[in-house]
Amino acid sequence: MRKVECIIKPFKLDDVKSVLADLGINGMTVSEVRGFGRQKGHAELYRGAEYQVDFIPKVKIELVIPEDMVPAVVEAVQKEACTGRIGDGKIFVNPVEQAIRIRTGESGVDSL
């Protein structure tokens, strides 16, 4: 099993969710997060005064999936989340040692 974490632009969430549903992904965790990378924030104007916004709003999607689905999921997310502009986000893939469904006690891939 692998945990796939995707940090994407908020307006791309519905597109990514839809393509993941098409791949048979039936569960995910979505969080609103803030951060920056190479874009290092941006300047905004409020009541005539300019101020620096250091942390850009993003959305973090977390999935735990069978290892054989990782290439298809990564490719689909990368294609759907890409705008071609700086700040499109990142995808991280990490190993998962164990997963247990609390309600039934199922473990491993059966718990997904």
Side-chain angles (χ1 to χ4, degrees):
M1 292 179 296
R2 296 281 187 238
K3 180 177 185 180
V4 180
E5 296 179 44
C6 310
I7 311 294
I8 63 171
K9 291 183 175 184
F11 69 89
K12 286 295 197 171
L13 177 59
D14 287 336
D15 296 338
V16 171
K17 185 177 108 179
S18 177
V19 76
L20 290 174
D22 292 345
L23 288 175
I25 302 297
N26 56 10
M28 66 184 75
T29 301
V30 177
S31 308
E32 292 180 10
V33 296
R34 299 166 55 117
F36 69 91
R38 291 184 183 164
Q39 65 193 115
K40 306 224 184 332
H42 64 277
E44 287 192 5
L45 202 59
Y46 179 72
R47 294 190 177 188
E50 187 173 297
Y51 66 99
Q52 185 68 22
V53 177
D54 292 329
F55 295 102
I56 308 299
K58 301 286 183 180
V59 172
K60 180 179 182 181
I61 302 170
E62 296 175 273
L63 314 161
V64 177
I65 58 175
E67 193 167 346
D68 61 335
M69 291 186 72
V70 170
V73 166
V74 168
E75 181 181 346
V77 170
Q78 186 174 8
K79 182 179 176 186
E80 286 301 315
C82 181
T83 66
R85 297 176 53 195
I86 193 165
D88 276 349
K90 296 269 193 292
I91 300 172
F92 303 100
V93 180
N94 300 299
V96 173
E97 290 185 27
Q98 183 67 281
I100 300 163
R101 179 173 287 148
I102 293 173
R103 179 177 54 86
T104 63
E106 294 171 298
S107 63
V109 176
D110 292 337
S111 70
L112 302 179

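No more than 12 heavy atoms of other residues, nucleotides or ligands lie within 6.0 Å of NZ in Lys17, so this atom counts as exposed by the packing criterion. A 6.0 Å sphere centred on CD of Glu62 holds more than 12 heavy atoms belonging to other residues, nucleotides or ligands. A 6.0 Å sphere centred on CD of Gln78 holds no more than 12 heavy atoms belonging to other residues, nucleotides or ligands. Environment of CD in Gln98: crowded, with over 12 heavy atoms of neighbouring residues, nucleotides or ligands closer than 6.0 Å.
Tracing side-chain contacts under 4.5 Å through hydrophobic residues (I, L, V, M, F, W, Y), one reaches Leu13 starting from Val4; they form part of the same cluster. Two different hydrophobic clusters hold Val70 and Val96 under the rule that ILVMFWY side chains link at heavy-atom gaps under 4.5 Å. Under a hydrophobic clustering in which Ile, Leu, Val, Met, Phe, Trp and Tyr are joined whenever their side-chain heavy atoms come within less than 4.5 Å, directly or via other members, Ile91 and Val59 fall into the same cluster. Ile25 and Val30 fall within the same hydrophobic cluster, defined by Ile, Leu, Val, Met, Phe, Trp and Tyr side-chain heavy atoms under 4.5 Å apart, directly or through other members. By the criterion of side-chain heavy atoms lying less than 4.5 angstrom apart, applied directly or through intervening Ile, Leu, Val, Met, Phe, Trp or Tyr residues, Val64 is not grouped with Val93; the two fall into different hydrophobic clusters.
Across Leu20 and Leu63, no two heavy atoms sit closer than the pair CD1-CD1, 4.0 Å. Annotation for Pro57 and Pro10: closest pair O-CD, 3.6 Å, computed over non-hydrogen atoms. Contact detail for Leu23 and Ala72: the closest heavy-atom pair is CD1-O, 3.8 Å.
Side-chain atoms of Asp88 do not come within 3.5 Å of backbone N or O of Cys82 as any donor-acceptor pair. Judged by distance alone, with hydrogens and angles left aside, the side-chain atoms of Thr83 form a donor-acceptor pair with the main-chain N or O of Arg85 at under 3.5 Å. Judged by distance alone, with hydrogens and angles left aside, the side-chain atoms of Lys58 form a donor-acceptor pair with the main-chain N or O of Gly87 at under 3.5 Å.
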Evaluate the criterion salt bridge (charged side-chain N to carboxylate O under 4.0 Å, His left out) for residue pair Lys12 and Glu80; output intermediate values, then yes/no.
-> CA-CA 7 Å; Lys12 286 295 197 171; Glu80 286 301 315; 5.6 Å; no

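Distance check, rounded to the nearest 0.5 Å: CZ of Arg34 to CD1 of Ile56 gives 8.5 Å. One finds the CZ atom of Phe92 at 7.5 Å from the CD atom of Glu5 (value rounded to the nearest 0.5 Å). Rounding to the nearest 0.5 Å places CD1 of Ile61 at 3.5 Å from CD1 of Ile8.
Side-chain contact check for Arg2 versus Pro95: some heavy-atom pair is nearer than 4.5 Å.
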